[in-house]
Amino acid sequence: MIRFIGGILAAGALALSGCAATGTEMQASFDGSAPEGSPVALNGALSIADGRLVGEHGDPVTLRGMSLFWSQWGPQYYSRETVDWLVDDWKVTAIRASIAAEGQDSALNHFDREIAKASTVIEAAAANGIYVVLDWHAHRNHPEEAERFLTEIARRYGDLPNLIYEPFNEPLRDNVDWSRDVKPYHERMVAAIRAIDPDNVIILGTPSWSQDVDIAAQDPVEGENLGYTLHYYAGTHKEKLRAKGDAAIGAGLALMITEFGLVNADGDGPLDMESSQSWWDWAEANGISWMNWSISDRDESSAALKPGTPPAGWRAEDLTESGTILRSRLRATAGFAEE
Ligand code: MG
């Protein structure tokens, strides 16, 4: 999401605080085992083989779910009850925790608070047997803080089968070069994670807000179980970006859409369902996992929830147009009828 570079600064004074569930509250009921029949029970630990995400038996796996919003806003959704609801009612098989790593009110300055939010979501995902993307939600390089955060997560949860790392949400475009700037950052993060967790999948971001997968494909990061994220907003991004995705796939990269919207790249504006359908068709044809931006009650069209919606127990009238479409799509792809 592009717009919040400025938004962080502008909205800092409005940021919510002090109401996130904590990781320690969760730990009493968490033993790391996946419920019978759940996505993690069926597919186990994921890996990347021949440009595809696969489960422990070697079968291709396509995850579909929702991304939470920047963690400093709407922390009520960084909760066990929200994850439970998304699993039970929306039938998500993955969730993305977007741990804020820009601005004063973020993991850059509130390490323990944001570790607690990440832990809550990771443990809730594990308890439900779904996969979780731990997203270091940054637009700029903060290698010291990122390494500290990611290695703490690896120490706590690197043995779980359901954890996926995303060390750099959206590197910027201007004056940001993949080979010079972003690839060395990823090499450092991959080495730091791998020193603790030798195997869980790591999904890498690229310049131009994680659109330059074709450029990364010409000079990929060395290592096992590495994939690349491709972000799109259907109102803004169309065939030209899918062509970059096709080039990356053709070069052998495994892609995952860890973030997309039905709307414009600023997270707002009208829904573009014709473009969204083209993207979904493309993702399905290529077996690419996706997570929608976002579980949030902000007053903007990409938010799935209307302002004031509680952490769980959502009724039809609590959902925005985007949220209604995503819930239907997720339920349909999981084999559940409308209700
Ligand atoms: Mg591991």
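Indexing begins at 1, ligand by ligand and atom by atom, following the structure's order. FYI, the numbering just counts along the sequence from 1.
Of all protein N/O/S atoms, those under 2.8 Å from the Mg ion (ligand 1) are G158 O, D197 OD1, D199 OD1, N200 OD1, and waters are not counted.
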How far apart are the C-alpha atoms of R64 and V92, what are their side-chain angles, what is the distance that settles it, and do they pass the side chain to side chain contact (heavy atoms under 4.5 Å, CB included) test? CA-CA 6 Å; R64 300 178 188 88; V92 301; over 6 Å; no

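By the neighbour-count criterion of 12 heavy atoms within 6.0 Å, atom CD of E317 is densely surrounded, having more than that number from other residues, nucleotides or ligands.
S210 places a side-chain heavy atom less than 4.5 Å from the side chain of P171.
Between W136 and F149, a ring centre-to-centre spacing shorter than 6.0 Å is recorded.
No salt bridge links K306 with D318; every basic N to acidic carboxylate O contact stays at or beyond 4.0 Å.
Cluster annotation: L226 is not connected to I164 through the hydrophobic network of ILVMFWY side chains, with a link wherever side-chain heavy atoms come within less than 4.5 Å.
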